[in-house]
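It should be emphasised that the depicted structure is a prediction, and the values quoted were computed from it without experimental measurement.
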Amino acid sequence: MITQETRLESYIITNPKSIRDNILNILDRPMTARQIADKLGYSHPIIVRPRITELMKQGKIKATDKAYDEVTQRNVAVFTRI
C-alpha cells in the first residue's frame with residue numbers, strides 16, 4: 001500500500017533516535033510538544049509528537065501538567081524528563 005510505503009520512507013529519513021535524543025537534551029524544564037518543536041527548530045509539533053509518545057513508553061519522560069496552547073486554543077500536555 002502506498003501510504004505504508006511513504007510512512008516507512010519518511011520514518012527512515014527522519015532518524016527517530018536522533019529526534020528522541022534531541023528532545024531529551026533540550027527538555028531541561030517542563031514543556032509542551034509545541035515548545036519542544038520550537039526549541040528544536042521544527043515548524044510544527046507533529047514532528048516531535050510520535051517521539052514524545054515513544055519516550056513516554058520508554059519511561060524517559062512523563063506528562064506532568066496541562067497548559068493552554070494559544071495556537072490551538074486548547075489545553076495540552078506538559079512533559080517533563082524523568
Rounded to the nearest 0.5 Å, how far apart are [atom1] of [X] and [atom2] of [Y]?
{"X": "I19", "Y": "L40", "atom1": "CD1", "atom2": "CG", "answer": "8.5 Å"}
{"X": "R20", "Y": "N15", "atom1": "CZ", "atom2": "CG", "answer": "8.5 Å"}
{"X": "D65", "Y": "N75", "atom1": "CG", "atom2": "CG", "answer": "9.5 Å"}
{"X": "T53", "Y": "Q58", "atom1": "OG1", "atom2": "CD", "answer": "11.0 Å"}
{"X": "L55", "Y": "R81", "atom1": "CG", "atom2": "CZ", "answer": "11.0 Å"}
{"X": "N22", "Y": "Y42", "atom1": "CG", "atom2": "OH", "answer": "6.0 Å"}

note = Between A37 and P45 the two heavy atoms that sit nearest each other are CB-CA, 3.7 Å

inquiry  = Minimum heavy-atom separation for A33 and V48, please, with both atom names.
reply    = O-CG2, 3.6 Å

Is there a side-chain contact between [X] and [Y] in this structure, where contact means two heavy atoms from C-beta onward sitting under 4.5 Å apart?
{"X": "M31", "Y": "V78", "answer": "no"}
{"X": "L27", "Y": "T80", "answer": "no"}
{"X": "I82", "Y": "K62", "answer": "yes"}

task = Check whether V76 and I26 end up in the same hydrophobic cluster, where Ile, Leu, Val, Met, Phe, Trp and Tyr are linked by side-chain heavy atoms less than 4.5 Å apart.
result = no

query = When hydrophobic residues are tied together by side-chain contacts of less than 4.5 Å, even through go-betweens, does I46 share a cluster with F79?
reply =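 They do share one cluster, since a chain of ILVMFWY contacts under 4.5 Å joins I46 to F79.
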
ask   = Is it true that atom CZ of R29 has more than 12 heavy atoms of other residues, nucleotides or ligands lying nearer than 6.0 Å?
value = yes

request  = Tell me, yes or no, whether the heavy-atom count around K39 atom NZ, taken from other residues, nucleotides or ligands under 6.0 Å, exceeds 12.
outcome  =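 Yes - once you tally the heavy atoms of other residues, nucleotides and ligands closer than 6.0 Å, there are more than 12.
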
ask   = Does the side chain of T72 pick up a donor-acceptor pair with the side chain of D69 at under 3.5 Å?
value =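 The criterion, which ignores hydrogens and geometry beyond distance, is satisfied for D69 and T72.
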
task = Before accepting this row, confirm whether a basic side-chain N of the pair E54/R51 lies closer than 4.0 Å to the acidic partner's carboxylate O.
result = yes

query = Are R34 and D38 within salt-bridge range, i.e. N to O under 4.0 Å?
reply = no

inquiry  = Would Q73 and Y68 count as a side chain to side chain contact (heavy atoms under 4.5 Å, CB included) here? Give the steps.
reply    = CA-CA 7 Å; Q73 298 182 351; Y68 187 75; 3.1 Å; yes

